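Quantities reported herein were computed from a predicted structural model and do not represent experimental measurements.
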Amino acid sequence: DRDRDHAEDIFVVDAAGCEPVRLTPGGGACTLPAWSPDGQTIAYLGYADAEDAPRNSRLWLVPAVGGTPHCLTMGFD
């Protein structure tokens, strides 16, 4: 069913050529990632459930080393 959903994830790869590390939990849609100026955080647009589309995109932040993404715009419609 991969061709019927909009699931996307964000990965980082060390410049030295290590294995990719997935930063997002999977199952959602993640687009337009952008690094923070200090390199500690990645902002992206998306929504948590790719199969529940269409949705308004939300603004999310995730630590560049991995962790739980945090939605900054959940209260906005």
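Under the side chain to side chain donor-acceptor pair (under 3.5 Å) criterion, Asp14 pairs with no residue at all, not counting sequence neighbours. A search for side chain to side chain donor-acceptor pair (under 3.5 Å) contacts involving Ser57 returns nothing, not counting sequence neighbours. Taking Leu32 as the reference, Leu45 meet the side chain to side chain contact (heavy atoms under 4.5 Å, CB included) condition, with sequence neighbours excluded.
For the salt bridge (charged side-chain N to carboxylate O under 4.0 Å, His left out) condition, no pair includes a residue of residues 61-72, sequence neighbours left out. Sequence neighbours left out, the pairs with a member in residues 28-40 that pass side-chain hydrogen bond (donor to acceptor under 3.5 Å, both in side chains) are Ser36-Asp38. Here salt bridge (charged side-chain N to carboxylate O under 4.0 Å, His left out) pairs that include residues 59-74, with residues two or more places apart or in two chains, number zero.
Checking Ile42, Thr41, Val12 one by one against Val62, the side chain to side chain contact (heavy atoms under 4.5 Å, CB included) holds for a single residue, Ile42.
Put simply, OH on Tyr47 and CD on Glu8 are 7.5 Å apart, with the number rounded to the nearest 0.5 Å.
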Identify all side-chain donor-acceptor contacts of residues 17-26 below 3.5 Å with residues at least two apart in sequence or on another chain.
unit_1	atom_1	unit_2	atom_2	d
Arg22	NE	Thr24	O	3.1
Thr24	OG1	Asp9	OD1	2.6
Thr24	OG1	Ile10	N	3.0

Validation: residues 67-76 side-chain donor-acceptor distances under 3.5 Å, sequence neighbours left out:
unit_1	atom_1	unit_2	atom_2	d
Thr73	OG1	Leu59	N	2.9

